[in-house]
Amino acid sequence: MKSYSVWIGIGIVCVLAFLAGDSATETLRFDRSAIVNGEWWRIVSSHFVHLSSGHLLLNLAALALAGYVASPRTPIAFQIAAWLWLIAFTGVGLWLWAEDLNYYVGLSGTLHGAMLVAIAPSPFYSVKVRWVVGLVIVAKVLWEQTGYYDDMANVEMVGGRTEARSHLYGAMAGLIWVAVWMMTRYIRNRDE
């Protein structure tokens with residue numbers, strides 16, 4: 001259970017933020033004008049608030065899936081560092097590269113990266129399965145950046161438009177994390 005404490009903790013924070021109500025969502029969401037006025041915490045806190053119970057449940061299901069594929073032997077410090085990286089990169093990415101975005105909430109962007117970070121070192125799956133999962137996530141995210149993707153398709157379930165750029169930045173953060181992890185592992189194994 002200890003090995004999944006980070007995943008469970010993130011889920012609990014999301015549920016508590018949702019239960020705190022609309023005023024908490026307004027205080028914690030990505031709000032470009034508030035960030036300009038010095039409320040920088042919103043770049044991080046926006047990932048823990050959601051538009052609706054459907055939005056929250058969808059993200060909690062994805063969080064559970066990513067936690068499920070993660071190795072229970074992954075050190076907690078590694079998990080925390082990975083989540084901090086994913087959250088920061090996704091939030092800063094939205095700030096820097098989505099200049100037309102005024103408001104954002106949700107964990108889905110970071111979850112795209114978290115799935116990559118979770119499965120890469122997982123001993124439960126073959127290298128082939130891990131590559132296929134990674135390629136499917138990358139293909140999904142790339143498809144979402146095309147004109148064929150309908151960002152309003154899930155509006156009834158989540159309560160608003162899907163911000164596909166958050167998925168892109170989350171996946172980018174995950175790929176960077178995995179690349180650094182693989183390089184570090186390669187160097188360590190080569191030197192032994």
Side-chain angles (χ1 to χ4, degrees), residues 5-63 66-67 70 76-118 137-138 140-142 144-145 149 151 154-155 158-181:
S5 60
V6 174
W7 301 88
I8 293 168
I10 289 168
I12 289 170
V13 169
C14 290
V15 169
L16 291 175
F18 182 77
L19 294 175
D22 291 340
S23 63
T25 299
E26 288 184 24
T27 302
L28 300 174
R29 72 182 177 186
F30 181 102
D31 179 333
R32 188 167 292 278
S33 62
I35 295 168
V36 166
N37 289 319
E39 297 180 14
W40 288 94
W41 69 82
R42 292 172 179 270
I43 287 175
V44 171
S45 64
S46 60
H47 303 285
F48 299 101
V49 291
H50 292 82
L51 294 170
S52 66
S53 57
H55 187 208
L56 173 65
L57 291 174
L58 190 62
N59 279 333
L60 289 177
L63 179 68
I76 289 178
F78 180 92
Q79 294 176 48
I80 292 170
W83 273 102
L84 290 173
W85 165 253
L86 295 169
I87 289 167
F89 190 98
T90 304
V92 170
L94 290 171
W95 172 254
L96 294 175
W97 303 310
E99 293 178 13
D100 61 315
L101 181 68
N102 292 314
Y103 303 106
Y104 171 79
V105 296
L107 195 61
S108 62
T110 56
L111 283 167
H112 282 74
M115 181 58 98
L116 294 167
V117 170
I137 292 168
V138 169
K140 175 197 178 284
V141 168
L142 291 176
E144 289 175 341
Q145 309 310 307
Y149 177 70
D151 62 355
N154 296 322
V155 74
V158 300
R161 182 180 70 79
T162 301
E163 181 50 64
R165 290 173 293 186
S166 72
H167 300 174
L168 174 65
Y169 305 141
M172 287 170 58
L175 289 172
I176 291 168
W177 182 272
V178 170
V180 170
W181 171 77

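Note that the coordinates shown come from a computational prediction; the quantities given were computed from them, not determined experimentally.
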How close do [X] and [Y] get, heavy atom to heavy atom, and via which atoms?
X: Ser108; Y: His167; result: OG-NE2, 3.0 Å
X: Tyr169; Y: Phe89; result: O-CD2, 3.3 Å
X: Ile43; Y: Val92; result: CG2-N, 3.7 Å
X: Ser52; Y: Gly159; result: OG-N, 4.1 Å
X: Ala118; Y: Trp7; result: CB-CH2, 3.9 Å
X: Leu86; Y: Gly174; result: CD2-N, 3.6 Å

[Y] and [X], any side-chain heavy atoms less than 4.5 Å apart:
X: Gln145; Y: Leu168; value: yes
X: Ile76; Y: Ser5; value: yes
X: Trp85; Y: Val117; value: no
X: Trp95; Y: Trp40; value: yes
X: Leu51; Y: Leu56; value: no
X: Thr25; Y: Phe18; value: no
X: Leu94; Y: Ser166; value: yes
X: Glu163; Y: Leu101; value: yes

field: Audit row: Leu28, Arg42, side chain to side chain contact (heavy atoms under 4.5 Å, CB included) steps and yes/no
entry: CA-CA 5 Å; Leu28 300 174; Arg42 292 172 179 270; over 6 Å; no
So, taking the atom named [atom1] in [X] and the one named [atom2] in [Y], what distance separates them when rounded to the nearest 0.5 Å?
X: Ile10; Y: Ile80; atom1: CD1; atom2: CD1; result: 9.0 Å
X: Ile87; Y: Ser46; atom1: CD1; atom2: OG; result: 9.0 Å
X: Leu107; Y: Cys14; atom1: CG; atom2: SG; result: 4.5 Å
X: Leu111; Y: Ile137; atom1: CG; atom2: CD1; result: 10.0 Å

Test side chain to side chain contact (heavy atoms under 4.5 Å, CB included) applied to Val105 and His55, step by step: CA-CA 10 Å; Val105 296; His55 187 208; 4.2 Å; yes
field: Whether over 12 other heavy atoms sit under 6.0 Å from Asn37 CG
entry: yes
Side chains of His47 and Thr90, donor plus acceptor under 3.5 Å: no
query: Picking from Val141, Asp100, Asp151, what satisfies side chain to side chain contact (heavy atoms under 4.5 Å, CB included) with Arg165?
result: Asp100
- prompt: How are the rings of Phe30 and Tyr104 set to each other: parallel, tilted or perpendicular (split at 30° and 60°)?
  reply: perpendicular
field: Test side chain to side chain contact (heavy atoms under 4.5 Å, CB included) applied to His112 and Met172, step by step
entry: CA-CA 9 Å; His112 282 74; Met172 287 170 58; over 6 Å; no
- prompt: Does Trp177 have its ring centroid less than 6.0 Å away from the ring centroid of Trp83?
  reply: no
